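Start at 1 and go down the list; that is how both ligands and their atoms are numbered. In this text, all values refer to a predicted model and were calculated from it rather than measured experimentally.
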Amino acid sequence: MTLTKKADRRPDRRPGTASWGLAARDVPWEYAPAPEATDHIHLEPEYGLFIGNRFAPSKPRKTFTVINPATEEPIAKVAHASKADVNRAVTTAREAYRSTWSKLPGRERAKYLYRIARIMQERSREFAVVESMNSGKPIKESRDVDVPLAAAHFFYYAGWADKLDYAYPNRQPRSLGVAAQVIPWNFPLLMLAWKIAPALAAGNTVVLKPASTTPITAYLFADVVRQADLPPGVVNIITGPGEIGMELVTHPDVAKVAFTGSTAVGKMIARAVAGTGKKVTLELGGKAANVVFDDAPLDQAIEGIINGIYFNQGEVCCAGSRLFVQESVYEPLIDKLKARLSTLRVGDPLDKNTDVGAINSAGQLAKIQELVESGIAEGAEIFQPDCELPTRGFFFRPTLFTGVSQSHRIAQEEIFGPVLSVLTFRTPEEAIEKANNTPYGLSAGVWTEKGSRIFKMVNAMKAGVVWANTFNRFDPTSPFGGYKESGYGREGGIHGLGAYLDLSSGANGR
Ligand code: NDP
């Protein structure tokens, strides 16, 4: 790796991305570019809907263009599904459920899931590059986190497919039918795996709608489905705007709805399917508290804080976006945090050195800018490293706010960007009260050397996942989900399997 002393170059200063804080001379090193190769990638100019193991244009034929958020260049055109296409996809899934998938023994379903997992591993480089091109996330994250974890979900749930009776003793687990799955743009392939793997293991068929900005790895996955010889109609993928998502989840032949996305859309879906008997899981927004006590190993905590909020540009529902620091360590921690922030490399997602890639869309960038401006207007103090931003694409500097009060919008609303709000506390009780002062309840973190304090905090913080002395760790065996406005139901682990089963009958049929 070549390191060059940075000359006195001035960073790009665009409206809303002005830099405050460290001067360029305090950021001493520049890395030579280390771009990931893209010549092994083959992308189609246009992707049709994937229904019954065939790609076909929407009816009537209509498309929209998907772009690379780091370059604003088009990647491909994808089909814009109509209401009739939704009906066709659900009917195909229903028929595949009735005629094939629900009749296969669990051990046969497991073979398909293992096959999918292995093909994803074999094609992992291709998936990683395309995921970074389409979502804007750094290649080191798609390569080391998204793709391996997505494959791990298929391996994990393959293991359960023939053990449902053992998983639920004294119950008679039954598959539900067709699952409608609507997923967001922040982890396109991983969310697909979280949804499809347990659904198939439990014996359901699926129709999945990816987010409109990030459908490309879902269509690569469709190719994996064909390669794995999955019976036609078991997995169907359709693209189109939010209304198409609503058509899908409200379709009368859909038995199960799984949604990950904003709280606003989650509430609309919950209202629309209320009383229909559909089983529903909603994984929505978050505003996680990351609480650092004065006995925490500070250097380790700094890495956890950085990973907690700047991983995936902060576009993470469980991001540690509110940092609570015990007053006695506030100053040393903030000094270290600013120094570490200044070493983050922002830029080309396909560069292996990049830490913070592109924001997923112009709309999301505008939302981040608006909330950051509200933080300044409400009196919080902003710090941004003086790093250069590419001149094209949707980029935002990693940002830190101090002097934040609990009523500030940046402490209340989900920003979904690389923006950290720092608050302070004196006692554990005060930390708990402040951490829980949010309409959300998805995740939290605690940093301390005392085991007893970890247990106290974990029990007192109203969050579905609480990390201790780490942050943003995921594993297919661990359930994930929230309280309050973060939604309901769990994904991952045996809990995530139960969400795709009818467990109302006992083993003796009652
Ligand atoms: P949305 O909730 O709108 O999008 C998530 C998924 O839902 C996408 O596939 C979207 O399709 C689809 N969708 C949109 N409207 C409807 C609808 N009426 N009925 C059914 N499905 C629908 O999130 P946004 O992309 O608008 O992001 C807005 C904010 O939401 C972000 O700034 C962030 O705060 C939060 N968010 C939270 C996520 C999480 O993981 N908790 C993930 C994404 C966003 P399409 O892409 O075609 O609009």
- Note on the structure: ligand 1 to Ile183, heavy atom cutoff 4.0 Å, flagged ligand atoms 6 (C), 8 (C), 9 (O)
- Message: Would you say that more than 12 heavy atoms from the other residues, nucleotides or ligands in this model lie under 6.0 Å from the CD of Glu303, or not?
- Response: yes
- Message: Evaluate Tyr310 against Leu420 for side chain to side chain contact (heavy atoms under 4.5 Å, CB included), listing each step before the verdict.
- Response: CA-CA 9 Å; Tyr310 303 113; Leu420 179 63; 3.6 Å; yes
- Query: So, Trp101 versus Tyr97, ring centres under 6.0 angstrom or not?
  - Reply: no
- Message: Among Trp185, Phe416, Phe64, Phe187, which one puts a heavy atom closest to atom 33 (C) of ligand 1?
- Response: Phe416
- Numbering as shown, the atoms of ligand 1 that approach Gly240 to under 4.0 Å (heavy-atom distance): 47 (O)
- Note on the structure: ligand 1 atoms nearer than 4.0 angstrom to some heavy atom of Lys367 are 29 (C), 31 (C), 32 (O), 33 (C), 34 (O)
- Item | Residues Asp85 and Ser82: side-chain donor-acceptor under 3.5 angstrom | yes
- Message: With heavy-atom distances below 4.0 Å as the criterion, list the atoms of ligand 1 near Phe259.
- Response: 2 (O), 6 (C), 7 (O)
- Message: Do Lys256 and Tyr500 form a cation-pi contact, if we require the NZ or CZ to be under 6.0 Å from the six-membered ring centre and within 45 degrees of the ring's axis?
- Response: yes
- Message: Please check if the number of heavy atoms outside Glu370 that lie under 6.0 Å from its CD is greater than 12.
- Response: yes
- Could you see which bit of Met268 sits under 4.0 Å from ligand 1, with heavy atoms only: side chain, backbone, both or neither? side chain
- Message: Testing the 3.5 Å rule here: is there a donor-acceptor pair between the side chains of Thr91 and Arg94?
- Response: no
- Message: Starting from atom 42 (C) of ligand 1, what is the nearest protein heavy atom, named by residue and atom, and what distance separates them?
- Response: Pro184 CB, 3.3 Å
- Do the numbers put Arg490 on top of the ring of Tyr483, so that NZ or CZ is under 6.0 Å from the six-membered ring centre and no more than 45° off the axis? yes
- Query: Please state which protein non-hydrogen atom is closest to atom 12 (C) of ligand 1 and give its distance, to 0.1 Å?
  - Reply: Val182 CG1, 3.7 Å
- Task: Mind running salt bridge (charged side-chain N to carboxylate O under 4.0 Å, His left out) on Lys137 and Glu141 for me, showing each step along the way?
- Result: CA-CA 7 Å; Lys137 65 177 70 203; Glu141 291 179 7; 5.8 Å; no
- of all protein heavy atoms, closest to atom 28 (C) of ligand 1 is Ser262 CB, 4.3 Å
- Message: When you compare ligand 1 with Pro241, is there at least one nitrogen or oxygen pair between them that comes in under 3.5 angstrom?
- Response: no
- Query: Gly285 heavy atoms, cut-off 4.0 Å: which ligand 1 atoms fall inside?
  - Reply: 41 (N)
- Task: Identify, by atom number and element, the atoms of ligand 1 in contact range of Met246, meaning under 4.0 Å from any of its heavy atoms.
- Result: 19 (N), 20 (C)
- Against heavy atoms of Glu414, which atoms of ligand 1 measure under 4.0 Å? 33 (C), 34 (O), 35 (C), 37 (C)
- Query: Looking only at non-hydrogen atoms, which of Thr263, Val265, Thr260 approaches atom 5 (C) of ligand 1 most closely?
  - Reply: Thr260
- Message: Need the ligand 1 atom indices (1-based, order shown) with element for anything under 4.0 Å from a heavy-atom of Cys317.
- Response: 39 (C), 40 (O), 41 (N)
- Query: Quick one: does atom 15 (N) of ligand 1 have a protein heavy atom under 4.0 Å from it?
  - Reply: yes
- Message: Check the orientation of Trp467 and Phe471. Use parallel for under 30°, tilted for 30 to 60°, and perpendicular for over 60°.
- Response: tilted
- Have a look at ligand 1 and work out which part of Pro210, if any, has a heavy atom under 4.0 Å from it: side chain, backbone, both or neither. backbone
- Starting from atom 11 (O) of ligand 1, locate the nearest protein heavy atom and write down its residue, its atom name and how far away it is, to 0.1 Å. Lys209 NZ, 3.0 Å
- Taking non-hydrogen atoms only, is Gln364 closer than 4.0 angstrom to ligand 1 via side chain, backbone, both or neither? side chain
- In the protein, which heavy atom is nearest to atom 21 (N) of ligand 1, and how far is it? Gly242 O, 3.6 Å
- Query: So which protein heavy atom does atom 47 (O) of ligand 1 come closest to, and at what separation?
  - Reply: Ser212 OG, 2.5 Å
- Query: Going by atom types alone, do Thr263 and Glu485 pair a side-chain donor with an acceptor below 3.5 Å?
  - Reply: no
- Can you tell me which residue and heavy atom of the protein come closest to atom 41 (N) of ligand 1, and the distance to 0.1 Å? Leu284 O, 2.8 Å
- Write down the atom of Pro398, the atom of Cys387, and the distance for their closest heavy-atom approach. CD-SG, 4.5 Å
- Query: Taking the six-membered ring for Trp, is the centroid-to-centroid distance between Phe425 and Phe324 below 6.0 Å?
  - Reply: no
